[in-house]
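Model, not experiment: these values are computed from the prediction. Each chain gets a letter, A, B and so on, in the order the sequences are listed, and its residues count up from 1.
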Number of protein chains: 2
Amino acid sequence: MTEESKKLPHPVIRRLPKYLARVHELLHAEVEWVSSQELAEALNLTSSTVRQDLSYLDLTGISKRGYETSSLDAALNKELDSSSHHHIVIVGAGYLGCALAVHGSFAGHGFQTCGIFDIDPSIIGSRVGILKVQPMKNLQQIVDKFGVDIGIIAVPAAAAQEVADQLVAAGVKGLLNLAYASIQIPAGVSMLDARILASLQELAYMIKSKNEETADG
Amino acid sequence: MTEESKKLPHPVIRRLPKYLARVHELLHAEVEWVSSQELAEALNLTSSTVRQDLSYLDLTGISKRGYETSSLDAALNKELDSSSHHHIVIVGAGYLGCALAVHGSFAGHGFQTCGIFDIDPSIIGSRVGILKVQPMKNLQQIVDKFGVDIGIIAVPAAAAQEVADQLVAAGVKGLLNLAYASIQIPAGVSMLDARILASLQELAYMIKSKNEETADG
DNA sequence: TAGATTGTTAATCGATTAACAATC
DNA sequence: TAGATTGTTAATCGATTAACAATC
């Protein structure tokens with residue numbers, strides 16, 4: 001409440017997970033120190049941006065050596081709040097929802113999946129990894145029981161807004177929207193679009209504009 | 001080559017798919033016109049930003065009515081190059097790779113999945129929707145046959161860079177990286193990170209900072 | 001010590017917003 | 001016509017980069 005509440009610029013926030021991914025690689029390779037220059041090269045940034053970004057973190061580098069990878073890992077996790085545990089529910093037990101539910105690596109990074117839900121009676125009750133697909137009427141109960149703070153929306157576009165409303169009503173604090181739909185949420189809740197199709201479209205633009213670049217002088 | 005090559009700012013590019021998602025909803029609801037103000041509300045932007053963004057497109061609005069949804073749809077698709085067909089391969093036939101392979105909606109938006117690959121002999125040959133999991137040695141052949149321009153990396157982090165290299169060597173022009181790893185690519189190729197875990201981490205930060213906001217006066 | 005690298009300030013660059021004439 | 005909305009310019013705001021003193 002007193003200090004520490006310097007709000008990071010959004011571009012910085014989006015880069016933090018990329019630093020974290022890189023740091024995990026370095027830790028895995030048992031690299032103990034990394035310089036801003038090396039990080040910049042790995043993430044396609046300038047070293048200046050890297051130092052500026054890391055200056056927001058609870059961390060200090062050392063001249064001539066750089067940043068200690070283990071401290072960097074800790075500082076990034078602290079800032080991203082992925083050191084504390086987050087509890088997730090997934091709504092929509094289609095291919096994508098199920099893939100995320102059984103996806104092993106979330107748990108290792110502080111995100112525990114506590115339930116998967118659907119409205120289709122024919123799949124309710126079926127096993128998805130260690131979970132069982134539940135009907136929506138159980139949502140509130142699971143959210144309360146586990147203190148779920150994040151809901152993943154993995155339903156068809158037409159159902160996305162209604163599911164968002166239900167998740168918000170159940171008390172979830174953040175929504176990750178994978179559906180191809182625009183979602184409205186109240187002010188106290190956070191929402192992030194993470195649609196693969198949108199990424200493909202963005203990538204297609206990047207490819208096109210790179211082509212044009214090479215085409216003319 | 002002559003005109004038309006005004007390069008859009010990256011923030012604009014990232015918003016275009018969101019406009020497109022919204023426009024699809026409007027088309028579905030048979031709404032024929034939409035104003036910058038209405039789009040702004042749906043996407044949480046200012047109407048000024050919306051008009052600025054749309055001014056990059058091959059489209060003109062009409063005073064008092066706004067933008068025609070069907071023209072907007074066409075203009076967005078044209079700019080994003082998702083009107084022309086893109087051909088995709090997926091590397092990694094785990095849960096996520098398979099989920100994307102059978103995911104119906106890509107095809108309807110101009111992205112056709114032409115193959116799914118893995119190195120695990122025990123799953124090579126198994127069916128994934130209408131596709132069959134193929135060994136990596138077939139990659140080049142499929143890329144050539146279909147003119148594949150996009151590769152999706154859906155393998156464990158440790159294998160991601162090698163897969164990226166193979167995709168680039170096969171002639172793919174853009175990579176969508178779903179793996180929790182930093183990938184290096186040559187200058188002529190485009191790459192976009194689209195990791196669900198990174199989105200969860202970003203969302204966790206958003207939740208945390210919204211909490212702090214409300215916590216102090 | 002000399003050289004490399006951080007942390008931070010100031011300068012530059014770019015994106016968003018405000019404002020308003022043009023127009024339907 | 002009057003009012004609403006676009007398209008665009010200029011002003012503001014914010015992010016990135018350059019530069020350099022401090023330091024290991």
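Between A/H86 and A/F111, the ring planes are parallel. Angles under 30° get that label, and only those over 60° would be called perpendicular.
Here D/dT6 presents its P atom at 11 Å from CG of B/L59, a figure rounded to the nearest Å. In this structure, A/Y56 places its OH atom 17 Å from P of C/dT6, rounding to the nearest Å. Taking atom CD1 of residue A/I62 and atom C1' of nucleotide C/dG3, one finds them 17 Å apart after rounding to whole Å. A straight line from CG of A/L54 to P of C/dT6 spans 9 Å, rounded to a whole angstrom. Residue B/L43 contributes atom CG, which lies 13 Å from atom P of C/dT16 at whole-angstrom precision. For the pair B/R15 CZ and C/dA15 C1', the computed distance is 8 Å after rounding to whole Å. Rounded to an integer number of Å, the gap from CG of B/L16 to P of C/dA15 is 13 Å. Rounded to a whole Å, the CG atom of A/D58 is 15 Å from the C1' atom of C/dG7.
The side chain of B/S55 contributes no N or O atom lying less than 4.0 Å from OP1 or OP2 of D/dT8. In this model, the phosphate group of D/dT6 is not approached by any side-chain N or O of B/T60 to a distance below 4.0 Å at OP1 or OP2. In this structure, A/T46 reaches the D/dT17 phosphate: one of its side-chain N or O atoms is under 4.0 Å from OP1 or OP2. Taking only side-chain nitrogens and oxygens, B/S36 comes nearer than 4.0 Å to OP1 or OP2 of D/dT6.
The side chain of B/R65 sits closest to C/dC24 out of C/dA19, C/dC24, C/dT6. Distance from the side chain of B/P11 is smallest for C/dA15 among the nucleotides D/dT17, C/dC24, C/dA15.
Of all nucleotides present, only C/dA19 satisfies the Watson-Crick or G-U wobble test against D/dT8, with each distance under 3.5 Å. D/dG14 is paired with C/dC13 under the Watson-Crick or G-U wobble criterion, all donor-acceptor distances under 3.5 Å.
Atom CG of residue A/L167 and atom CD1 of residue A/I90 lie 11.5 Å apart, to the nearest 0.5 angstrom.
With hydrogens and angles ignored, a donor-acceptor pair under 3.5 angstrom links the side chain of A/Q52 to the base of D/dT17. Side chain A/S63 to base C/dT6: no donor-acceptor pair is found below 3.5 Å.
Nearest heavy-atom pair, B/V189 versus A/K210, reported as atom, atom and distance to 0.1 Å: O-NZ, 3.1 Å.
The neighbour count for B/Q140 CD, taken as heavy atoms of other residues, nucleotides or ligands under 6.0 Å away, is above 12.
At least one donor-acceptor pair under 3.5 Å links the side chain of B/T69 to the backbone N or O of B/V31.
Across all strands, A/S48 comes closer than 4.0 Å to base atoms (heavy-atom distances). Using a 4.0 Å heavy-atom criterion, one finds that B/S47 contacts no nucleic acid atom at all.
A side-chain N or O of B/R51 and one of B/S47 form a donor-acceptor pair less than 3.5 Å apart.
Summary of the strand contacts: A/Q37 and A/K64 both lie near DNA chain C, and taking for each the nucleotide with the nearest heavy atom, the more 5' one is attributed to A/K64.
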